[in-house]
Amino acid sequence: EKAGLKVGDIIKKIDGISTTGLDANELIDSIKGPSGTTVQITVDRNGQLLDFSIVRGEITLETVLLEANSTTEVPDTIGYIAIYQFTGSTGADFDDMLSKTMAKNPKGLILDLRDNPGGYVEAAYEVLEQFVPKGETLAEMKISGKIIDELSQAGSTVTVPMAVLVNEGTASSSEIVAGALQDHGLATLIGEQTYGKGTVQEVTVFTDGSFFKLSIAQWLTPDGHSVDNVGLTPDIIAKPTKDDVLGKTDSQLQRAIDELS
């Protein structure tokens, strides 16, 4: 966008080489490169070929936001935080956002985990430690048949009523967070059945650029429930309406607001 590219531009050449026949991954690999280097991209914009010289740069994604991407407004008396993915910076970012939110003394808090595909398990634990009392179970790991409890180290800082929004896109680490809050009775889950990914992977990268991903454990909720291929069942089922799909409303968010009001 900074370089002048627009939605609808069709990428025709990368560094003078035609993109014809490339699949999506090959296209991305051709564009990506070390930060500070330059890539030449030729696009077709409404029948006109345009050339762009773009300096590559590292992209930092915001994974924690304080505003809902919705037409439904959250009242000032209720806090709202959305987590879109669990990355290395999510724990620290969430801590900062939570501090700002709780400084306003809300009477309730909405945690939006809809369409969160997961990510780093450690980041999920960092988020959970803001709510789960010290020494209580965040999740259980089943490794070679042995159950290992992952315990809260920091201790809870939030005591207001909570609602957690989930849907079929809520998976993996986001299910760890939602499942722990539900089992400990710290939040009401609202939305749809979650995805159901309850395995933990370890990735080994080799010198030739190849990698090997191995499932090393299964995680369980604090009460010992497996979510793999099952998912979490919300306390309150709220399926999207036609107006939700059209972007006119957000009935799931509204249900959470009503629950905490």
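This is a predicted model, so every value here is computed, not measured.
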Would you check if [X] and [Y] make a side-chain contact, meaning some heavy-atom pair closer than 4.5 Å?
{"X": "M162", "Y": "L111", "answer": "yes"}
{"X": "V43", "Y": "F52", "answer": "yes"}
{"X": "P222", "Y": "E140", "answer": "no"}
{"X": "I176", "Y": "W219", "answer": "yes"}
{"X": "V160", "Y": "K107", "answer": "no"}
{"X": "L22", "Y": "S30", "answer": "yes"}
{"X": "D244", "Y": "K242", "answer": "no"}
{"X": "V127", "Y": "F86", "answer": "yes"}

Answer yes or no: is there a donor N or O on one side and an acceptor on the other, between the side chain of [X] and the main chain of [Y], under 3.5 Å?
{"X": "H184", "Y": "T137", "answer": "yes"}
{"X": "T37", "Y": "G33", "answer": "no"}
{"X": "S173", "Y": "G119", "answer": "yes"}
{"X": "R255", "Y": "I237", "answer": "no"}
{"X": "T72", "Y": "D250", "answer": "yes"}
{"X": "E26", "Y": "D23", "answer": "yes"}
{"X": "E168", "Y": "Y195", "answer": "no"}
{"X": "N116", "Y": "I83", "answer": "yes"}
{"X": "E175", "Y": "K197", "answer": "yes"}
{"X": "T194", "Y": "L232", "answer": "yes"}

In Å and rounded to the nearest 0.5 Å, what is the [atom1] to [atom2] distance from [X] to [Y]?
{"X": "E67", "Y": "E73", "atom1": "CD", "atom2": "CD", "result": "10.0 Å"}
{"X": "L220", "Y": "H225", "atom1": "CG", "atom2": "NE2", "result": "9.5 Å"}
{"X": "S251", "Y": "K239", "atom1": "OG", "atom2": "NZ", "result": "11.5 Å"}
{"X": "T204", "Y": "K213", "atom1": "OG1", "atom2": "NZ", "result": "11.5 Å"}
{"X": "E150", "Y": "S152", "atom1": "CD", "atom2": "OG", "result": "11.5 Å"}
{"X": "E58", "Y": "S35", "atom1": "CD", "atom2": "OG", "result": "6.5 Å"}

Could you tell me if [Y] and [X] have a donor-acceptor pair between their side chains, going purely by distance under 3.5 Å?
{"X": "D223", "Y": "T221", "value": "no"}
{"X": "T20", "Y": "S18", "value": "yes"}
{"X": "T63", "Y": "T90", "value": "yes"}
{"X": "Q218", "Y": "D228", "value": "no"}
{"X": "Q130", "Y": "T157", "value": "yes"}
{"X": "Q40", "Y": "S53", "value": "yes"}

Where do [X] and [Y] come nearest, in terms of heavy atoms and distance?
{"X": "F211", "Y": "V203", "answer": "CD1-CG1, 3.9 Å"}
{"X": "I11", "Y": "T19", "answer": "O-OG1, 2.9 Å"}
{"X": "F94", "Y": "I81", "answer": "CE1-CG2, 3.7 Å"}
{"X": "T199", "Y": "Q201", "answer": "OG1-NE2, 2.9 Å"}
{"X": "Q252", "Y": "A238", "answer": "NE2-O, 2.7 Å"}
{"X": "P234", "Y": "V166", "answer": "CG-CG2, 4.0 Å"}

Residues clustered with L65, ILVMFWY side-chain links under 4.5 angstrom: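 Direct or chained contacts put L65 with Y84.
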Side-chain cluster (under 4.5 Å, hydrophobic types only) that I236 belongs to, other residues: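 Its cluster partners, ordered by chain and number, are V74, I78, Y80, I110, L165, I190, L253, I257, L260.
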Side-chain heavy atoms under 4.5 angstrom apart, residues restricted to Ile, Leu, Val, Met, Phe, Trp, Tyr: same cluster for [X] and [Y]?
{"X": "V132", "Y": "Y120", "result": "no"}
{"X": "V205", "Y": "L214", "result": "no"}
{"X": "I147", "Y": "Y125", "result": "no"}
{"X": "V158", "Y": "V177", "result": "yes"}
{"X": "V39", "Y": "L50", "result": "yes"}

Got a sec: does the CZ of F206 have more than 12 other heavy atoms crowding it under 6.0 Å?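 Counting neighbours around CZ of F206, more than 12 heavy atoms of other residues, nucleotides or ligands fall under 6.0 Å, so yes.
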Residues, nucleotides or ligands: over 12 heavy atoms within 6.0 Å of N69 CG: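 Incorrect, the count does not exceed 12.
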Please evaluate residues E259 and T188 with respect to the criterion side chain to side chain donor-acceptor pair (under 3.5 Å), reporting the C-alpha separation (whole Å), side-chain torsions for both, the decisive distance (0.1 Å), and the verdict. CA-CA 9 Å; E259 193 70 19; T188 300; 4.9 Å; no
Could you check L151 against L138 for side-chain contact (heavy atoms from CB on, under 4.5 Å), going step by step and ending with a plain yes or no? CA-CA 5 Å; L151 304 179; L138 301 176; over 6 Å; no
Run the side-chain contact (heavy atoms from CB on, under 4.5 Å) check on K6 and R45 step by step: do they pass? CA-CA 9 Å; K6 295 184 178 180; R45 181 179 297 169; 3.7 Å; yes
Given side-chain contact (heavy atoms from CB on, under 4.5 Å), test I41 with D51 step by step and report yes or no. CA-CA 6 Å; I41 294 181; D51 294 319; over 6 Å; no
Would I17 and K13 count as a side-chain contact (heavy atoms from CB on, under 4.5 Å) if you check the C-alpha gap in whole Å, the side-chain angles of each, and the deciding distance to 0.1 Å? CA-CA 5 Å; I17 301 174; K13 293 181 181 180; over 6 Å; no
Are D44 and K12 ion-paired here, with the side-chain N under 4.0 Å from a carboxylate O?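 So D44 does not pair with K12 through a salt bridge.
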Sequence neighbours left out, what passes side-chain hydrogen bond (donor to acceptor under 3.5 Å, both in side chains) with S172? Give chain and number order.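 Checked S172 against side-chain hydrogen bond (donor to acceptor under 3.5 Å, both in side chains); zero matches.
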